[in-house]
Structure formats: structure tokens, C-alpha cells
Amino acid sequence: MKSQLLRIFFAGLLMLTLSLVSTEAYSQCAMCRATVESNVGTGSTDSDSQVGAGLNTGILYLMLIPYVLVGTVGFLWYKSSRQKKAKMA
């Protein structure tokens, strides 16, 4: 019990430290940046909205993947622990 509490404490401390120590990233994908700059430079409104919508969709897709992976692992872990408890009882 004590070792489990210690693990939880250190995991929380690590997460807090990593969330407070962040580096700012000012870089972008060179291809995306070149595409957006060229479309904005031409002044066409239809292509600007299409490129912007495509970039936003890509960002949401990349943001969603880690949450789905962590959720899946958490669900499988929960299911496994419930099965172990059912076997013990």
C-alpha cells in the first residue's frame, strides 16, 4: 500500500513538473507554412478557407490520437483489474 502511494505521488509530481516546464515552439511544418503564405498572398478567399479548414482538421486529428490511445489503455487496464477482482472473489 505504501509503495503504491509513493508511486502515485511521484507520478503526480512528474506530471506537475512536466506541465510547468514547457518550451515554446515557434516552428511550423515548412510545407504547411509555405502553402498558407502562398494562398494568403494570392488573396483568394475560397482557397484560404479550404486551406484553413484542412489545417484545423489536421490539428484536431493530431490532438485526438493521444487521448484515444490513453483512453484505450485505461479502459483495458480497468477491465483487466475488474476480471482479477472477480476471480479473487
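No experiment lies behind these values; they were computed from the predicted model shown. In what follows, every heavy atom counts, from backbone to side chain, and hydrogens, waters and symmetry copies are set aside.
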Sort and list the pairs that fulfil side chain to side chain donor-acceptor pair (under 3.5 Å) and have at least one residue in residues 63-79, not counting sequence neighbours.
Y78-R82

Rounded distance [0.5 Å steps], OG in S81 versus NZ in K84
8.0 Å

With sequence neighbours left out, what residues match I65 under side chain to side chain contact (heavy atoms under 4.5 Å, CB included)?
Y61, L69

